[in-house]
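Worksheet for the structure shown next.
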Amino acid sequence: MKMQFIPTDYDYFDFQGRNYTLVYGRDDKGKRVCLVDSCEVFLWAILNEDISKEKIDSLIEKIKKIKLDLKGRNTRVEKVELHSMNFLNNPVKALKIFATNYKDLQDIAENLGFKEIEKRRGYDIGYITHYIIEKKVEPLKWYEINGEILNNSQEFGGIDMGLDVELCLKLENANPIKKEEFTPKVLAYDIETDDLKIGKGEILMLSLAGTDGTKKVLTWKGDKNKKKPEYVEFVEDEAELIEKFIENVRKISPDFLIGYFSDGFDLPYLKARAEKHNIKLTLSLDDSQPKFSRGVMLSAKTKGIVHIDILRFIRTAYAQYMKSETLTLNDVASEFLGDQKKKFDIADNLGGKMNWEKFYEYNLHDSVLTLNLFEKFWPDMVEFSKVVNEPLGDLSRAGLSKYVESYILHNLKKFKEIPEKRPGHNEIGGRREERSVEGAFVLEPKPGFYEDLVVFDFTSMHTSIIISMNISKETLSEKNVGGAKIKVGANEYYFSKKKGFIPELLNELFERRKKFKEEYKKNPNVFTKARSNAFKVLSASVHGYIGFFGARYYSKESSASILAFVRQFNKEAIEKIEKAGFEVIFGDTDSVGFIRGKKSKTEIKDFLKKINSELPGIMEMELEGFFRRGLWVSKRSGKAGAKKKYAMIDEEGNLKIRGFETVRRDWCFLAREVQNNVINMILEDGNEKRAMEYLKKIIKKIKNREVSKGDLLIRTQLKKEIADYIAQGPHVIAAKKMKEQEIPIEQGGLISYYIAEDKSGKKGKRLVRERVMLAHEEGDYDIGYYLNNQILPAVENIFEVFGIDIGKFFETKGQKTLGDF
DNA sequence: GGATAGCTGTTACC
DNA sequence: ACCGGTAACAGCTATCC
């Protein structure tokens with residue numbers, strides 16, 4: 001039969017020793033469909049150079065005889081073919097060795113210890129990835145398929161009977177078709193418990209929110225007889241709650257089951273409680289339970305109904321561009337949805353005072369937010385999945401290096417490239433021990449207050465260097481062969497003229513990004529934006545990938561060369577701009593800022609054109625902007641200009657503040673606000689007068705204790721386990737206090753505290769940490785601390801630029817008192 | 001016992 | 001272990017005299 005079909009998830013099973021793929025998805029009517037398919041499995045044996053035809057033939061015969069009886073499976077080499085291929089850009093002769101079962105490729109590789117074979121490759125990319133590459137049935141793309149309906153078929157051991165789908169087909173062929181965007185069926189869930197430790201507490205309630213309109217809270221807590229909102233469904237106990245949850249999920253059968261931090265909390269918690277009650281957590285379409293795996297983070301994967309922890313996708317693909325200070329559901333929802341969690345503090349509701357109605361509402365809203373976040377990010381997830389060609393379940397848990405690597409692996413065929421192997425444990429260890437490469441160049445700025453500035457920066461600098469200079473593992477050459485060359489410390493590295501497939505693929509990504517950016521401008525919507533963004537993120541990650549120790553195509557030399565070029569081009573740009581008579585104020589990695597002087601904007605733009613005409617390949621600088629004024633301060637210690645700290649105002653009055661305490665979350669809100677206002681006033685007015693008056697008022701307010709405690713809280717992240725700290729800084733002490741008071745805090749959490757007046761009467765120097773108070777603790781804030789350690793340090797270097805010594809004005813430690821103000 | 005250099009730790013920039 | 005080098009800076013801690 002014929003139908004339109006879109007794959008959402010992949011799995012595989014063995015039958016009579018062979019691998020079969022299960023492709024879960026939907027037809028165009030929204031029916032649940034599963035395809036059964038198969039593909040040839042093989043690995044590559046790369047031959048040494050100059051082996052005679054006879055030798056190869058006899059080698060093939062030997063390999064054909066390989067039979068293994070392992071793990072209760074008989075596997076054998078089924079055929080062997082000789083191919084002309086490429087490996088790392090070099091032509092090679094290679095044997096394509098076909099086997100019965102993908103899982104045995106590794107063992108076959110180990111049995112290929114023939115002296116004619118130089119390398120064995122292509123047995124470690126995973127069956128699903130291998131299948132997608134071979135059969136081109138790619139995730140989240142529409143196909144017109146032909147297949148034979150399986151109905152309790154014995155052909156694959158009756159596999160179709162065990163699958164909870166409406167239709168199961170044996171795939172005959174699949175042809176890609178153009179079709180409108182797919183809208184998946186989605187269900188979000190969230191649990192509330194009485195203890196955050198997995199396995200310790202009980203699940204009090206569980207909420208569901210779905211694209212089908214589902215809004216439900218399952219609970220066994222609260223007054224059973226009291227009238228409740230209609231979304232609340234009462235159950236007998238925790239066991240029934242879990243059973244009902246499974247029942248709901250299976251009945252709704254969403255393509256994606258979504259949680260927020262659910263890999264690390266909700267699903268493991270449910271698993272622990274289900275085990276306690278002897279319930280099987282059959283959330284997969286094949287009735288299996290979630291598979292938990294431990295990497296750096298716990299993962300909880302299901303089949304057919306794909307479990308996705310949306311937090312993990314956000315962390316990989318979005319966190320670097322976000323304003324939110326933490327990745328809590330509340331912060332992320334605020335930033336992307338303009339919505340927040342319902343206010344509810346479990347601690348206030350303990351004992352008999354529990355307001356269950358409010359709790360249900362809170363619980364439901366968390367699922368609603370999670371669902372909304374998924375819908376918000378769906379266009380991006382689809383694009384990443386389509387570009388990278390990996391199913392969303394895996395991709396949503398992967399890092400950017402995996403995105404890049406998958407993109408490469410799925411595109412090797414057109415270069416006839418045999419895939420490089422994954423580095424082994426020892427290899428990774430070795431790579432990690434290597435000395436780190438030198439990074440970008442940062443120019444020391446001249447502290448001061450400047451007018452009429454211009455900023456140029458290189459467009460996608462690292463990316464355009466890789467492409468223009470043809471830098472990659474496979475283009476690195478022993479000798480100078482006429483391609484790019486670069487000095488890195490005492491070494492000199494050479495790259496081939498022949499295009500490498502990684503620079504080539506990156507160029508393709510880069511071009512497509514340009515095209516999709518244009519398309520987005522012409523037709524702005526969430527999908528065109530997401531497409532443009534996916535290519536942007538991916539192309540910007542290739543340099544990081546090349547220097548990542550876990551990468552197949554890791555190349556230290558390439559990474560060092562790219563960065564050496566980054567320094568070289570930036571320094572050359574600075575020199576060129578200075579030679580043209582401009583005073584350069586700052587430069588960092590890919591940017592240069594200078595004073596426009598008497599030159600007109602047109603002249604500046606012409607100057608930029610000239611610079612660009614002299615840059616090689618696709619390298620290009622662009623005008624970041626014209627700025628009316630800019631401020632650079634000196635370092636706190638010494639006279640040197642502080643790098644990575646500046647503030648500028650453009651001609652429309654927009655501020656660009658970098659590095660200052662204003663943008664740092666580990667300073668109290670008041671210090672950040674005051675500094676921000678001071679910078680603002682100075683940049684707007686062109687002098688410090690108004691800012692000075694403002695500062696006087698603030699200092700008076702602090703002195704008179706008119707500042708609310710909330711503005712004085714210092715927030716610092718707890719980056720390690722409390723016990724792992726060597727230095728007992730204020731935030732560590734605050735975290736210990738929280739532990740004592742049984743306030744939940746764990747690694748990664750934000751600690752809020754303020755510094756209180758010292759009332760102990762002890763003599764001698766007191767440490768800051770001895771005066772740490774948690775937000776809710778009573779105490780008077782320490783006026784001296786907030787003046788000398790927060791407000792004044794935040795502004796003194798700014799006023800110094802105007803020749804004003806704030807320390808003299810507001811001396812607090814010396815003879816002068818604050819009373820004057 | 002005080003000064004200070006150096007270390008630990010966090011956060012930002014690109 | 002899932003991009004990482006460059007940088008500023010606070011506050012603690014070791015070390016010196």
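Naming: A, B, ... by sequence-line order, numbering from 1 per chain.
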Separation of [X] atom [atom1] from [N] atom [atom2], in whole Å?
X: A:I798; N: C:dA8; atom1: CD1; atom2: C1'; result: 14 Å
X: A:R431; N: C:dG4; atom1: CZ; atom2: C1'; result: 16 Å
X: A:L767; N: B:dG2; atom1: CG; atom2: P; result: 13 Å
X: A:W667; N: C:dC9; atom1: CH2; atom2: C1'; result: 8 Å
X: A:E427; N: C:dA1; atom1: CD; atom2: C1'; result: 15 Å
X: A:E796; N: C:dA8; atom1: CD; atom2: C1'; result: 14 Å
X: A:I733; N: B:dT10; atom1: CD1; atom2: C1'; result: 16 Å
X: A:Q728; N: C:dA14; atom1: CD; atom2: P; result: 12 Å

Of all pairs that satisfy salt bridge (charged side-chain N to carboxylate O under 4.0 Å, His left out), the ones with a partner from [range], not counting sequence neighbours:
range: residues 712-733 of chain A; result: A:E325-A:R715
range: residues 538-565 of chain A; result: A:D124-A:R552, A:E405-A:R552
range: residues 631-643 of chain A; result: A:R636-A:E661

Applying a 4.0 Å non-hydrogen cut-off, can you work out what A:V732 is touching in the nucleic acid: base, sugar-phosphate, or nothing?
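Result for A:V732 = nothing.
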Counting the atoms with a prime plus P, OP1 and OP2 as sugar-phosphate, which does A:Y403 contact under 4.0 Å by heavy atoms, base, sugar-phosphate, or nothing?
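Since no nucleic acid heavy atom lies under 4.0 Å of A:Y403, the category is nothing.
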Salt bridge (Lys or Arg N to Asp or Glu O under 4.0 Å) with A:D331: which residues, sequence neighbours excluded?
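Salt bridge (Lys or Arg N to Asp or Glu O under 4.0 Å) list for A:D331, sorted by chain: empty.
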Qualifying residues under salt bridge (Lys or Arg N to Asp or Glu O under 4.0 Å), relative to A:R431, sequence neighbours excluded
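Result, salt bridge (Lys or Arg N to Asp or Glu O under 4.0 Å) vs A:R431: A:E427.
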Pairwise N/O distances under 3.5 Å, protein to nucleotides 11-14 of chain B:
from   : atom 1 : to     : atom 2 : distance (Å)
B:dT11 : OP1    : A:R665 : NE     : 2.9
B:dT11 : OP1    : A:R665 : NH2    : 3.1
B:dT11 : OP1    : A:Q717 : N      : 2.9
B:dT11 : OP2    : A:R665 : NH2    : 3.3
B:dT11 : OP2    : A:Q717 : OE1    : 3.2
B:dT11 : O4'    : A:R664 : NH2    : 3.2
B:dT11 : O2     : A:R664 : NH1    : 3.0
B:dA12 : OP1    : A:V663 : O      : 2.9
B:dA12 : OP1    : A:R665 : N      : 3.3
B:dC13 : OP1    : A:G659 : N      : 2.7
B:dC13 : O2     : A:K644 : NZ     : 3.0
B:dC14 : OP1    : A:Y646 : OH     : 2.9
B:dC14 : O3'    : A:D590 : OD1    : 2.7

Donor-acceptor contact present, side-chain A:H462 to main-chain A:H543, <3.5 Å:
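Checked: no pair found.
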Flag, side chain of A:S468 to backbone of A:I618, donor-acceptor distance under 3.5 Å:
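Confirmed, A:S468 side chain pairs with A:I618 backbone.
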Does [N] have OP1 or OP2 sitting under 4.0 Å from an N or O in the side chain of [X]?
X: A:H731; N: B:dG9; result: no
X: A:Y725; N: C:dT13; result: no
X: A:N789; N: C:dA10; result: no
X: A:R294; N: C:dA1; result: no
X: A:S436; N: C:dG5; result: yes

Which nucleotide in C:dC9, C:dG11, B:dG9 has an atom nearest any side-chain atom of A:I726
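The closest nucleotide is B:dG9.
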Could you tell me which non-hydrogen atom of A:V732 sits nearest to which non-hydrogen atom of A:A727, and how far apart they are?
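In terms of heavy atoms, the two residues are closest at CG2-O, 3.9 Å.
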Roughly how many Å apart are C:dA1 and C:dG5, using the P atom of each and rounding to a whole number?
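The same atom, P, in both gives a distance of 15 Å.
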When rounded to the nearest Å, what value does the distance between C1' atoms of C:dT6 and C:dC2 take?
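These two C1' atoms come out 22 Å apart once rounded.
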For residues 308-319 of chain A, tabulate all N or O donor-acceptor pairs below 3.5 Å that involve a side-chain atom, not counting sequence neighbours.
from   : atom 1 : to     : atom 2 : distance (Å)
A:D309 : OD1    : A:F261 : N      : 2.7
A:D309 : OD1    : A:L311 : N      : 3.2
A:D309 : OD2    : A:S262 : N      : 3.1
A:D309 : OD2    : A:D263 : N      : 3.0
A:R312 : NH1    : A:D263 : OD2    : 2.9
A:R312 : NH1    : A:L298 : O      : 3.2
A:R312 : NH1    : A:S299 : OG     : 2.9
A:R312 : NH2    : A:R397 : O      : 3.4
A:T316 : OG1    : A:R312 : O      : 3.2
A:T316 : OG1    : A:A398 : O      : 2.8
A:Y318 : OH     : A:D380 : OD1    : 2.8
A:Y318 : OH     : A:D380 : OD2    : 3.3

Check residues 566-574 of chain A and write down every donor-acceptor pair under 3.5 Å in which the side-chain atom is one partner and the other belongs to a residue at least two apart or another chain.
from   : atom 1 : to     : atom 2 : distance (Å)
A:R567 : NH1    : A:E438 : O      : 2.9
A:R567 : NH1    : A:G439 : O      : 2.7
A:N570 : ND2    : A:T589 : O      : 3.4
A:N570 : ND2    : A:S591 : O      : 3.3

Positions of residues 540-551 of chain A (non-hydrogen atom under 4.0 Å from DNA chain C), listed by number
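Contacting residues: A:F548, A:F549.
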